[in-house]
There are 2 protein chains.
Amino acid sequence: MDKTYLRAEILKTLGQPTRLKIVDFLREGERCVCEIFPAINEEQSNTSRHLNMMVSSGILFRRKEGVKIFYALKHPEIIAIVDLATTIMVQEITGRHSLLLAA
Amino acid sequence: MDKTYLRAEILKTLGQPTRLKIVDFLREGERCVCEIFPAINEEQSNTSRHLNMMVSSGILFRRKEGVKIFYALKHPEIIAIVDLATTIMVQEITGRHSLLLAA
DNA sequence: TCATTATATGATTAATCAATCATATAATGG
DNA sequence: CCATTATATGATTGATTAATCATATAATGA
């Protein structure tokens with residue numbers, strides 16, 4: 001059980017634009033594939049693959065109801081992580097850090 | 001300026017075992033390449049490439065002092081992110097979530 | 001049962017990635 | 001200036017990845 005590898009896998013799963021869009025959309029709650037792929041503007045098959053991959057790496061739930069399959073975020077920590085990434089991104093974009101260094 | 005892409009890049013940078021080991025080592029503070037690569041048990045050239053890449057994606061500082069080049073974590077949020085990833089990993093390993101679901 | 005809707009998956013392709021080896025550059029001390 | 005130490009980089013290779021198209025499976029309702 002390589003813990004470094006497992007931790008990396010969780011972060012790597014979040015570190016891909018299409019999957020990040022899925023996470024953002026699922027903040028609002030559980031959604032089926034038929035709602036997810038139009039919302040993020042990706043192909044159904046591609047979206048399905050990413051969703052499966054996100055379940056495998058432990059960041060999403062899957063629940064079946066009739067023909068539909070619903071997906072939801074599995075851990076509140078996921079939202080915290082992507083929010084922290086946003087904070088870092090904003091600091092990088094505004095160059096706040098670079099300015100502090102230059103001063 | 002694609003914000004989804006930039007956020008993803010930060011997370012993707014953290015989502016690779018060698019780079020995660022670097023982040024873990026740099027928790028203790030600023031270190032030069034000559035300290036980093038033996039500590040994480042990777043080749044010097046490989047370590048150098050990862051360090052450069054981490055500077056490019058905005059998660060590390062670089063400071064030069066004579067022949068040595070020191071690297072350090074640029075944002076406290078990075079530690080928070082990897083800690084949250086650890087929390088998720090532990091919950092997945094202990095299967096706590098699955099048990100709650102099954103109950 | 002048949003048509004429809006929802007989802008998943010096989011095959012393919014182009015792109016990206018990580019690691020390695022060899023070598024280059026750059027600063028320092030003797 | 002030369003040898004040494006620290007770091008970076010070019011070239012290569014095998015592996016992984018994301019996206020796409022076409023098709024398969026599975027549930028539902030008429």
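Below, chain A is the first sequence line, B the second, and so on; all start at residue 1.
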Below 3.5 Å between N/O atoms, which protein atoms pair up with nucleotides 12-16 of chain C? Just atom names and distances, please.
none

Between B:Lys74, B:Arg63, B:Arg62, which is the residue that forms a salt bridge (charged side-chain N to carboxylate O under 4.0 Å, His left out) with B:Glu30? B:Arg63

[atom2] on [Y] to [atom1] on [X], rounded to 0.5 Å:
X       : Y       : atom1 : atom2 : result
B:Leu20 : B:Thr86 : CG    : OG1   : 7.5 Å
A:Leu14 : B:Leu14 : CG    : CG    : 10.5 Å
B:Met54 : B:Asn52 : CE    : CG    : 11.0 Å
A:Glu42 : A:Thr47 : CD    : OG1   : 6.0 Å
B:Leu84 : A:Ile79 : CG    : CD1   : 11.5 Å
A:Leu6  : B:Ile88 : CG    : CD1   : 12.0 Å

For C:dC17, does either OP1 or OP2 sit under 4.0 Å from a side-chain N or O belonging to B:His50? no

Would you tell me if any nitrogen or oxygen in the side chain of B:Tyr71 comes within less than 4.0 Å of OP1 or OP2 on D:dA6? no

Under 4.0 Å between a Lys/Arg side-chain N and an Asp/Glu carboxylate O for B:Arg7 and A:Asp24? yes

5'-most contact on DNA chain D (nearest-nucleotide basis), B:Phe37 vs A:Glu65, goes to B:Phe37

Just by modelled atom types, is the [Y] backbone N or O under 3.5 Å from a matching donor or acceptor in the [X] side chain?
X       : Y       : answer
A:Glu35 : A:Cys32 : yes
A:Glu43 : A:Asn46 : no
A:Ser48 : A:Gln44 : no

Protein N or O to nucleotides 9-11 of chain C N or O, pairs below 3.5 Å:
{"residue": "C:dG10", "atom": "N7", "partner": "A:Arg49", "partner atom": "NH2", "Å": "3.1"}
{"residue": "C:dG10", "atom": "O6", "partner": "A:Arg49", "partner atom": "NH2", "Å": "2.1"}
{"residue": "C:dA11", "atom": "N6", "partner": "A:Arg49", "partner atom": "NH2", "Å": "3.1"}

Please work out which residues in residues 16-25 of chain A have a non-hydrogen atom less than 4.0 Å from an atom of DNA chain D and list them by number. A:Gln16, A:Thr18, A:Arg19

Rounded to the nearest angstrom, tell me the gap between atom [atom1] in [X] and atom [atom2] in [N].
X       : N      : atom1 : atom2 : result
B:Arg31 : D:dA6  : CZ    : C1'   : 17 Å
B:Glu43 : D:dA6  : CD    : C1'   : 15 Å
A:Lys68 : D:dG29 : NZ    : P     : 12 Å

Taking the side chain of A:Ile69 as heavy atoms from C-beta outward, which of C:dT20, D:dA6, C:dT7 is closest to it? C:dT7

